[in-house]
Trainee: 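Can you keep this structure in mind? I'll have questions shortly.
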Amino acid sequence: MAILVTGAAGFIGSHVAQALLARGEQVLGIDNLNNYYDVGLKEARLARLADKVGFSFHKQDISDRDGVLALADRHPDISGIIHLAAQAGVRHSLTDPYIYVQSNVMGQVVMLELARRLKKLTHFVYASSSSVYGGNTDLPFSIDQPVEKPNSLYAATKRSDELIGYTYAHLYGLPCTGLRFFTVYGPWGRPDMAAFLFTKAILAGQPISVFNHGEMWRDFTFIDDIVNGVVRALDRPASGTPPHALYNLGNNKSEKLLDFIAALERALGRKAEMKLEPVQPGDVPATYADIEASRRDLGFEPSTPISVGIPKFVEWYRRYHGV
């Protein structure tokens, strides 16, 4: 039996693959290694997996129907899919909307078509996002809240993924679980995310842009806690009629962005020069995860505050960049 991990060269995907391999799973990773950000970072993540027993990799675009569906014949032993590949980034969806529909919507359909062709498959776990909550102001965000008013095309595609997942669970009895991730950070993180951007600028003595004049709150969630939640979800196939479930995976604590920056300053031993700017199109002022359902059903319990997680990220950043 094998677990297929899409986005295996990505931030979350590479960490999930590591965790599965550590417990003895066979892992098939796929990724198209696109150039949305530094391909060298993606290749470095893959290099950490390449020599692990049980890991194999195919360069593959998830929206390529023929290439993906061929995996059903080449790897009929796939028993689980963790679908993390996507075009990420709220702001980039304002400038290149087409790639979001291709990767996030078509990619979801293609992966689900693969899933229903795999006779041994027991669970399809896929990435959603806290962005689906849009402009909701009722905090913390609960999976029971309506999510029909997205603030960005990225959020709209992620909500579409949830609806498509529900449909396949309804039509084909395919157990599907969607995970709404809340602002994930940590070692090997994405260069377009706050921790990476701020650290790079502070070390270079350059100003950082702080939007909404600093009045921003985020449920920053450390990568190890996210991985724990993903693996727990995989091991607990959705049930019910239809067999579809949604969960928040967050730290269950909303941190002010200025406090996050202060923690980075302490870890780096340097002060940040901040440029306070207006809120950006597509952004929301606050996110905060209600994780009661995740605790109840998955046993999910995040344990890493930013006071612990940020120094770990900074340590990795210095080592990776030789700073």
Side-chain angles (χ1 to χ4, degrees), residues 1-10 12-14 16-21 23-34 42 45-46 49-50 52-87 99-128 157-158 160-179 230-231 233-246:
M1 298 295 179
I3 308 299
L4 171 62
V5 178
T6 74
I12 300 175
S14 62
V16 167
Q18 287 271 9
L20 293 171
L21 291 166
R23 73 175 196 177
E25 303 280 5
Q26 299 288 311
V27 176
L28 169 63
I30 65 173
D31 199 296
N32 69 351
L33 297 172
N34 68 30
K42 298 179 181 184
R45 293 180 187 134
L46 279 180
L49 298 168
K52 296 288 193 300
V53 175
F55 182 73
S56 59
F57 176 76
H58 293 293
K59 186 177 180 181
Q60 179 65 59
D61 190 315
I62 57 168
S63 64
D64 171 10
R65 281 177 280 179
D66 292 340
V68 169
L69 296 182
L71 295 173
D73 294 326
R74 293 161 59 189
H75 300 277
D77 60 334
I78 293 172
S79 59
I81 293 176
I82 300 178
H83 176 38
L84 302 172
Q87 178 57 57
I99 190 62
Y100 284 80
V101 176
Q102 178 183 333
S103 294
N104 300 1
V105 180
M106 177 61 80
Q108 175 82 333
V109 172
V110 172
M111 290 303 305
L112 282 162
E113 282 295 309
L114 169 65
R116 73 187 190 92
R117 286 164 169 75
L118 293 166
K119 304 304 182 185
K120 297 181 181 180
L121 191 84
T122 60
H123 201 188
F124 182 90
V125 178
Y126 64 93
S128 185
T157 63
K158 284 305 190 179
S160 297
D161 288 347
E162 295 178 351
L163 295 172
I164 293 166
Y166 179 93
T167 301
Y168 271 72
H170 168 72
L171 290 175
Y172 306 112
L174 177 65
C176 295
T177 296
L179 303 175
V230 172
V231 174
L234 175 70
D235 291 342
R236 295 160 176 80
S239 57
T241 307
H244 181 266
L246 291 170

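Source: prediction; values computed, not measured.
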Trainee: Looking at Asn104 and Gln87, would you say the former's side chain and the latter's main chain have a donor-acceptor pair under 3.5 Å?
Mentor: yes
Trainee: To the nearest 0.5 Å, what is the distance between CG on Leu118 and CD1 on Ile78?
Mentor: 5.0 Å
Trainee: Are side-chain heavy atoms of Leu112 and Thr167 found at a separation under 4.5 Å?
Mentor: no
Trainee: With no hydrogens and no angle check, is any side-chain donor or acceptor of Thr157 less than 3.5 Å from a backbone partner on Val105?
Mentor: no
Trainee: Hey, are Arg23 and Asp235 close enough for a salt bridge, meaning a charged N less than 4.0 Å from a carboxylate O?
Mentor: yes
Trainee: How long is the span from the CD atom in Gln26 to the CG atom in Leu21, to the nearest 0.5 Å?
Mentor: 8.0 Å
Trainee: With a 4.5 Å limit on heavy-atom distance, are the side chains of Leu234 and Leu20 in contact?
Mentor: yes
Trainee: Can you tell me if Thr6 uses its side chain to pair, donor with acceptor, with the backbone of Leu84 under 3.5 Å?
Mentor: yes
Trainee: State, with a plain yes or no, whether a side-chain heavy atom of Val27 is found less than 4.5 Å away from one of Leu49.
Mentor: no
Trainee: Give me the atom names and distance for the closest heavy-atom approach of Gly29 to Ala8.
Mentor: CA-CB, 3.6 Å
Trainee: Grab the two heavy atoms, one from Ala9 and one from Leu46, that are nearest each other, plus how far apart they are.
Mentor: CB-CG, 3.7 Å
Trainee: Looking at Ser128 and Glu162, what are the two nearest heavy atoms and their distance?
Mentor: OG-OE2, 2.6 Å
Trainee: Taking all non-hydrogen atoms of both residues, which atom of Gly13 and which atom of Val5 are closest, and how far apart?
Mentor: O-CG1, 3.9 Å
Trainee: Roughly how far, to the nearest 0.5 Å, is the CG atom of Asn32 from the NZ atom of Lys59?
Mentor: 7.5 Å
Trainee: Between Gln102 and Asp61, which heavy-atom pair has the shortest distance, and what is it?
Mentor: NE2-OD2, 4.2 Å
Trainee: Under a 4.5 Å cut-off applied to non-hydrogen side-chain atoms, are Tyr126 and Ile81 in contact?
Mentor: no
Trainee: Which heavy-atom pair separates Pro76 from Asp73 by the least distance, and what is that distance?
Mentor: CD-O, 3.5 Å
Trainee: Mind checking what makes ring pair (Phe, Tyr, Trp, His ring centres under 6.0 Å) contact with Tyr166, not counting sequence neighbours?
Mentor: His244
Trainee: Is there a donor-acceptor pair under 3.5 Å between the side chain of Lys42 and the backbone N or O of Asn34?
Mentor: yes
Trainee: Kindly write out the residues that satisfy side-chain contact (heavy atoms from CB on, under 4.5 Å) with Val110, not counting sequence neighbours, or none if the list is empty.
Mentor: Arg65, Val68, Met106
Trainee: Any side-chain heavy atom of Ser79 within less than 4.5 Å of one from Ile3?
Mentor: yes
Trainee: If we check side chain to side chain contact (heavy atoms under 4.5 Å, CB included) with His83, which of these qualifies: Asp161, Ile62, Val125, Ile30?
Mentor: Ile62
Trainee: Just wondering, do Thr122 and Lys120 contact through their side chains at under 4.5 Å, heavy atoms?
Mentor: no
Trainee: Donor-acceptor pairs are to be reported for all side-chain atoms of residues 170-179 against protein atoms at under 3.5 Å, with residues two or more places apart or in another chain.
Mentor:
| unit_1 | atom_1 | unit_2 | atom_2 | d |
| --- | --- | --- | --- | --- |
| Thr177 | OG1 | His123 | NE2 | 2.8 |

Trainee: Is it true that Glu113 and Arg117 have a side-chain N and a carboxylate O under 4.0 angstrom from each other?
Mentor: yes
Trainee: Does the side chain of Phe124 come within less than 4.5 Å of Met111's, by heavy atoms?
Mentor: yes
Trainee: Quick one: CG on Leu69 to CG on Asp64, what's the gap to the nearest 0.5 Å?
Mentor: 8.5 Å
Trainee: Mark yes or no for whether Lys158, through its side chain, and Ala127, through its backbone, hold a donor-acceptor pair below 3.5 Å.
Mentor: yes
